[in-house]
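In what follows, chains carry the letters A, B, and so on, assigned in the order in which the sequence lines appear, proteins first and then strands, with residues in each chain numbered from 1. As the structure is a prediction and not an experimental result, all values here were calculated from the model.
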Amino acid sequence: MRYLPLTPEDRAQMLGAIGAKSIDDLYVDVPRAALLDGPVPLPPHQSEMEVERLMKLLASCNIPAGKTAFFLGAGAYRHHVPASVDHLIQRSEFLTTYTPYQPEIAQGTLQALYEFQTQVAMLTGMEVANASMYDGSTGMAEAALMAARVTKRYRVVLSGGVHPHYVETVRTTCEAHGLTLVVLPPAVDDEAAVSAAIDANTAAVIVQSPNIFGTITDLRAIGDAAHAAGALMVAGFTEAMAFGLIEPPGAMGADIVVGEGQSFGNALSFGGPYVGLFATREKYVRQAPGRLAGETVDADGARGFVLTLSTREQHIRREKATSNICTNSGLCTLAWTIHMTLLGAKGLKHLATLNHETACDLADALGAVAGVEVLTPRFFNEFAIRLPKRADIVLEALLARGVIGGVPYSRLAPGMEDVLLVCATETNTDEDISAYAAALKEVLQ
Amino acid sequence: MRYLPLTPEDRAQMLGAIGAKSIDDLYVDVPRAALLDGPVPLPPHQSEMEVERLMKLLASCNIPAGKTAFFLGAGAYRHHVPASVDHLIQRSEFLTTYTPYQPEIAQGTLQALYEFQTQVAMLTGMEVANASMYDGSTGMAEAALMAARVTKRYRVVLSGGVHPHYVETVRTTCEAHGLTLVVLPPAVDDEAAVSAAIDANTAAVIVQSPNIFGTITDLRAIGDAAHAAGALMVAGFTEAMAFGLIEPPGAMGADIVVGEGQSFGNALSFGGPYVGLFATREKYVRQAPGRLAGETVDADGARGFVLTLSTREQHIRREKATSNICTNSGLCTLAWTIHMTLLGAKGLKHLATLNHETACDLADALGAVAGVEVLTPRFFNEFAIRLPKRADIVLEALLARGVIGGVPYSRLAPGMEDVLLVCATETNTDEDISAYAAALKEVLQ
Amino acid sequence: MTKTISGNKGLQQAEGLLFDVGAIDRTGVDLPATSGRAHRLGGLRRTAPLPLPGLSEPEAVRHYVRLSQKNYAIDLGFFPLGSCTMKHNPRLNEKMARLEGFADLHPLQPMGTVQGALMLMEELSRWLLTLTGMDAVALSPKAGAHGEMCGMLAIRAALEARGEGETRKRVLVPSSAHGTNPATAVACGFIVDEIKGDADGRVDLIDVQEKIGPDVAAIMLTNPNTCGLFERDVKAIADLIHEAGGYFYCDGANYNAIVGRVRPGDLGVDAMHINLHKTFSTPHGGGGPGAGPTVLSAALAPFAPVPHLVRNGETLTLVENEVDADGSPFGRMCAFHGQMGMYVRALTYMLSHGSDGLRQVAEDSVLNANYLLARLRGHFNAPFGEGPCMHEVLLDDSTLKPYGVETIDLAKALLDEGYHPMTTYFPLVVHGALLIEPTETESKAELDRFADVLIGLAERAKTDSAHFKSAPHLAPMRRLDETRAARQPKLRWWPQEAMKIAAE
Amino acid sequence: MTKTISGNKGLQQAEGLLFDVGAIDRTGVDLPATSGRAHRLGGLRRTAPLPLPGLSEPEAVRHYVRLSQKNYAIDLGFFPLGSCTMKHNPRLNEKMARLEGFADLHPLQPMGTVQGALMLMEELSRWLLTLTGMDAVALSPKAGAHGEMCGMLAIRAALEARGEGETRKRVLVPSSAHGTNPATAVACGFIVDEIKGDADGRVDLIDVQEKIGPDVAAIMLTNPNTCGLFERDVKAIADLIHEAGGYFYCDGANYNAIVGRVRPGDLGVDAMHINLHKTFSTPHGGGGPGAGPTVLSAALAPFAPVPHLVRNGETLTLVENEVDADGSPFGRMCAFHGQMGMYVRALTYMLSHGSDGLRQVAEDSVLNANYLLARLRGHFNAPFGEGPCMHEVLLDDSTLKPYGVETIDLAKALLDEGYHPMTTYFPLVVHGALLIEPTETESKAELDRFADVLIGLAERAKTDSAHFKSAPHLAPMRRLDETRAARQPKLRWWPQEAMKIAAE
Ligand SMILES: Cc1ncc(COP(=O)(O)O)c(C=O)c1O
Ligand SMILES: Cc1ncc(COP(=O)(O)O)c(C=O)c1O
């Protein structure tokens, strides 16, 4: 077996050194009845060539996004990732190392995390950020729990614009923890309703901007309402790239900012692994979940970085930890920070503008098709349209024409069968857009 | 431009420091009429995304070998290369460095070359090997020139089994140099004729085993004849993997062994870059072309490696150099040596056996088709068949059936229109072979 | 040591912070031109500063290559970090995960366009279920701790379905458990009750017997446990908990010691997460991402979260909404369907090894650990007696302490020797613990070299504690001040720092 | 320095030879089973020993990762190796070269199945011809020196076609030329006649005039030349050689200084190789592979070797045999069609830069060199006066020598400073030459840091020559004994070495 260095002679020699007759001597503590004598009924080992053949066969049973005119978003975005990103994250020293518990031989990872945290804080307009959560949805659940810890309250209000998968994830996690969730009915734009739902028991109000309908919202009023009631405003987002162009939540009163970072550096990969961005105000940092890299000095006084404030974490604090998270999205944060470094403010603004303009072109083109209504009043690179037919049926008809046209809202949550969520990024060409509009026209005729 | 770090401000500042008004001040020595004022008529710069789109479009206009039942050899072989090989050679420290002129900071490259040289010597059964030639064909030309230097004679005999491209390459290079070539007529097996062609003026006799027809030859008789006449025997080969299974030329009297190493570690890549293997006897090494890594010690007495015997080379010896070669196949040798290390003697023997058995299966299957004659008496993984029709026409008909069935000999050199060169490796499945036999039967009916 | 002008030390390159070397007017990307068309931002254009520095591609590549060289990694040497299972990460897995047909799939594409991905998930499930002998699997958890949560929420749902959600709140957790176990139990609304360990490094069966009762929801047991030992009484404990109406959660982080040799289902386990990044070799990437598929017994299967797969003849479908499910899903662990990139890698690993190879994986990991134990026993204290271990060797610093050398000092001395230290000070049940996990992908020669170094250091400790106290000397940095980092937390760079430097 | 037991020094791992660590019964591959069927080897089964050591994949990965870390590379830092053009190697190029549609193509597939590859070659040719203003291109040469041979063989063929093959044997080569130039001329059957340099670092026009004559076949001129200067008299020289009935071969290794700004065709060049691994960024890979497409003037175009492309409407065909060619090909440079993998990379690079970007490449390379020159002029001797340079700065060690420090010592001191040295002792026309080529992919900050270090070393040389003589101190090895290597050549490992060690 190519991955196992021991030869039969090695094994015999080592058993001898141990003083064991057979390998089973080392499994003496296993109840005899539970120790399998033969292999489980699964195929035997295969050569690399054979495995590759099989995996390629499976891969070929999918239609990759890039082979179609592709317009899906809804929390995962198809962007062009520079080739150097994937090259760099595959360096052995980054790929095959662990959480930087020994900082003297992990400065590569630690400095990259420190830079990542700073970049996330800058992008979201916040003071500090952690070293990542699993993804945007689990990060949002952590934000709700953190708000409860900070405020010592248990009521959490969620906007009806929050991605339904996120709502479900927050519900699953937080209700077990004893929080009460108030989820507003699905709405493209429910700013006023959100503010109205805040009361004196509210720990947090959770909004998303951009939200699942693509709507971007001026969060100041909601933030004021929350703060007036002693609650925190948790500002989520579906698409981190938006903040290259739109006002970041940190500039609009957010106390915790949380969302999906996949757009930078990370492939779609059918939904994971992704990278949850999590930022907050400095004063709340001791209640934050997850790892934090911080600056310090070594015995010679040289600047270096370590994981810090770990008394918040499970490996020190156990049942009193702020979260049970251990493994996070390490390598995805590295991809994120490399992509962000390649962009810089200049590249990011350009890229965000390109996304927005492409989405506007798409909205113009689809909005011009008879029977189609663009629902989202303000957006970044994604919006919802109302169709004169069921969205899932339209989608299938578009697929037959080589267009993957969006996500029916009803796939995410029951209801709104006629609403389709549509996204465009820098990867969409003018031809893609024309093809979509033409196909939609045909399908709706 | 993403690859250019200077900003417009940097440029202005630097011109200032230089004391130049404009960049053209630095091009003062260029005749004014030859200094272009505007860009040449080619497209402007493009984003990574756009370039990738274009290159993928070009790539999609080809049918890669892996998408068909594929049976081509004739000097380039489709083998499975372990994924770790390509990962390792892409490490920055190997990929983006130069010839190891500063050995203290190039031990990675140098040790790998020293190991490569040893592996090549072991595989071919020779005493020493150099650090590579461009490919097998140019290496063969260098071998002829080296033989002339060693023997101070100018007549070179080539077997009719030598790959016609190699013959042309040797002819082009060596005739300019003043050598006389005696090329025997194309023949599957011309052992006796080769021996007979050696005379007292012969510098070298060049044979190939495996040759272009796949024939493997016991070289001892030819070697004896050459040595009796004071000539060297240059033993070429088309497929380095053969020596995992067959007697190596070093054990059969070869003075120089030269051939194509692509089979180990290197992709087909439409013909290049490949890696020429070049091995010889220790006593001739000062007449050898190309770089040599050798062992030495550092100032502390520790073992290390350097490029050595460079007084043979163009950068020291100029017009008296043994060859004009400078850049060689560096990274391809690295891929070669990594693949060889992964195999080891055990893996190599197994792999070579698998190749041979697959080719035998193919020969059985094709030989059983009415009208087909297997011409090659002894072979490793490649053989020639005679068809009852023109080979190029049969090939087109096979292609229409999803089989790329071989190389018509007539593509390589005029004549033998009915001969097809056919190869099988470990990458061919039983289904491939059955598909080929079935298609051939159909085509020939 | 020779002082240099550049600050570099030969190949070791000094590298500043991104914020020192980058600038906001630099970029390493080119993009098609924007059109300047009318926007639809509704007045929300960014006004806040965006001080993100950029680098051209050559500069960026150099920045990260230089940083990378300050890291230790499995590919560089032995990494015996106990409990973390730092085994070789095959490159084939990386290559497969990057196939366009997997990497360029959106999670919400029409299901007809992703049948290959769903088949892969189905095949991965088949392997996991066959290997573990369990009834159902939730693939979506994103790491081990997330899998723990998945399992505990399934238990919670099962208890609620029985009407015992409010009465059964207590979860038994051994004192040797990994921190995620108690943290998870609490996160799921349970109360933790700690179980003592016995002198043999196993849970104290008597203590379990005493603590078990009608208010107990579950026991969370790690097996093989965090001392690297098999819980001999596992069946008895499973029976006890089942008799008492509770469930058996097994922390599967150490499953790599028994994969292919023992099926947790045969031990009475009700739920167990599997760290694909441990047993099944997906890379740790400096902290993640991982994947924590969680297998469930028949009792818990109906409560598995969405999404999950159903097959209808030739077609596979993901059930994504609770209302569409047959059972009673307890909810959803995350958006979308989990760590597809890790599924590809793990299945590639499984197919490569096959059932025979996976069995060998377990055996070699145990053999390697016992060989190291045999070599080290006379030189270090092994707190739990004479028996064989599983895949980990647990030692402590009691033989070093008399000379003034502690676990942390030994760890730092190992940095100079070119090794990543073992896990230190865990499990908590052993003072100054040294938990060594060699894994099956180390050769005998590497083990011998490591044993020689440890033995040599143990000797050296007797006469030269100063060497240990001031270590590391040869690592990229000297010992870092972690206390200062925590006392005066500085968690980011601020633009003012650049101004300060410029002003100086 | 702290002595370690392992021999490692922190992250710097000691690594033995493959032959020390591997063994013939180890392997890092799995393969389908063999069938044991009857063979067709005709008695030629191997009997010679096959002592090739193998390693399992984890061991092999570690072996090469450890070795890699003993190398310097562009990705690690500044690499100002003059004449070698160590510029950034974009990773997009690597990715494109690995597309299945390029990498998995056999050179002899039916041409209908490789039209995309042929289109790529056609497009690359178009870029090269438009940029250089030449008439034809032979893509197949495998590196610069091979391209020189291609050009000189074309000249030879043209002379033979004129019946002057036997009468024109002399080739003029400047004393500053790269060693490949005279070596190539001789390899092509010519006789080298050396041309002197002038006090300005250019060829001596008078000497050219004197040496030119009816027996001259060609002049081989490098432009910009190896002193990093543009040959001001290039047009006059071209006219001279053409009037005398000879040809102008231009060594294009330094074409990167003028790409997009000067077309060699406008200077009277008849043949020029282009090192794709210099101007067009394909990686040097520790010594290769490169690619040396050779552009030809109308006079030489008919003699271009096979294979070459012809377009017939929509279809592209490679003319592979001389008999099928329209012109009079002089022969074939190699099997198949040259370095396709490099073509993909080079075209990717060209498309990325575009005509504007390539122009900027030339200008920035020249600007960077002149900036360095401006910074270093007062501190080192610049042998060729006050004018601007092109893409390289040529200095010498004359200001260091009085203190006992020579070029090689400065080079070795730079290793400690974390730099790859400049090219040393080349061109030969300058004693103790230091040839610095920054390339366009270095930032001003990197240039400044390097200049600071060089200036600092120049200062240090005045008082501390011992530091230089014993350098390097911080590199993975101390100064290596090259004389010993050449005197007692040991070019391989022998199995006896293992036995010796075992016996000891
Ligand atoms: C015993 C044990 N349990 C649980 C975990 C948590 O797993 P993860 O890091 O994947 O969340 C770990 C990982 O370190 C572990 O070692
Ligand atoms: C001026 C000059 N000419 C020719 C060459 C030879 O090119 P190559 O190494 O590609 O054969 C070089 C390369 O070093 C060079 O610098």
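- Partners of C:Ala73 according to the side-chain contact (heavy atoms from CB on, under 4.5 Å) rule, which considers only residues two or more places apart in sequence or in another chain, are A:Thr96, A:Thr97.
- Judged by distance alone, with hydrogens and angles left aside, the side-chain atoms of C:His337 form a donor-acceptor pair with the main-chain N or O of C:Pro107 at under 3.5 Å.
- For C:His353, the parts sitting under 4.5 Å from any heavy atom of chain A are the backbone and the side chain alike.
- Neither the backbone nor the side chain of A:Ser310 comes within less than 4.5 Å of any heavy atom of chain C.
- Interface remark: C:Asn370 contributes backbone and side-chain atoms alike to the contact with chain A (heavy atom separation under 4.5 Å).
- Heavy-atom distances place both the backbone and the side chain of A:Leu123 under 4.5 Å from chain C.
- Looking at A:Ser60, neither its backbone nor its side chain comes within 4.5 Å of chain C, counting heavy atoms on both sides.
- Interface check for chain A: of the options C:Ala374, C:Gly331, C:Ser35, C:Gly260, the most heavy-atom pairs under 4.5 Å are formed by C:Ser35.
- If you check the side chains of C:Asp481 and A:Thr296, you find no donor sitting under 3.5 Å from an acceptor.
- Of the two parts of A:Val297, the backbone and the side chain both hold a non-hydrogen atom closer than 4.5 Å to a non-hydrogen atom of chain C.
- The aromatic rings of C:His420 and C:Tyr72 sit tilted relative to each other, their planes meeting at an angle between 30° and 60°.
- Proximity to chain A (any heavy atom under 4.5 Å) is restricted, for C:Arg98, to the side chain, taken from C-beta onward.
- No cation-pi contact links C:Arg46 to A:Phe243, judged by a cut-off of 6.0 Å to the six-membered ring centre and 45° from its axis.
- Counting heavy-atom pairs closer than 4.5 Å to chain C, the top residue among A:Gln117, A:Arg11, A:Glu426 is A:Arg11.
- Residue A:Ile89 touches chain C through its side chain alone, counting heavy-atom pairs closer than 4.5 Å.
- In this structure, the portion of A:Ile23 lying under 4.5 Å from any heavy atom of chain C is its side chain and not its backbone.
- C:Thr47 and A:Glu247 share a donor-acceptor pair across their side chains, judged by distance under 3.5 Å alone.
- In this structure, chain A has a heavy atom under 4.5 Å from the side chain of C:Val323, while its backbone stays farther away.
- Interface summary for chain C: among A:Ser137, A:Ala267, A:Pro44, the most heavy-atom pairs under 4.5 angstrom belong to A:Pro44.
- Considering only residues two or more places apart in sequence or on other chains, A:Lys56 meets the salt bridge (Lys or Arg N to Asp or Glu O under 4.0 Å) condition with A:Glu52.
- For a residue to count as touching a neighbouring chain, one of its non-hydrogen atoms must lie under 4.5 Å from one of that chain's; by this rule A:Glu313 does not touch chain C.
- At most 12 heavy atoms of other shown residues, nucleotides or ligands fall within 6.0 angstrom of atom CD1 in C:Ile24.
- Looking at A:Glu260, neither its backbone nor its side chain comes within 4.5 Å of chain C, counting heavy atoms on both sides.
- Contacts of A:Ile216 with chain C are made by both backbone and side-chain atoms, with heavy-atom separations under 4.5 Å.
- In this structure, chain C has a heavy atom under 4.5 Å from the side chain of A:Ile404, while its backbone stays farther away.
- Looking at A:Met122, both its backbone and its side chain come within 4.5 Å of chain C, counting heavy atoms on both sides.
- In this structure, chain C has a heavy atom under 4.5 Å from the side chain of A:Thr308, while its backbone stays farther away.
- Contacts of A:Ala251 with chain C are made by side-chain atoms alone, with heavy-atom separations under 4.5 Å and no backbone atom involved.
- Interface remark: A:Asp361 contributes backbone and side-chain atoms alike to the contact with chain C (heavy atom separation under 4.5 Å).
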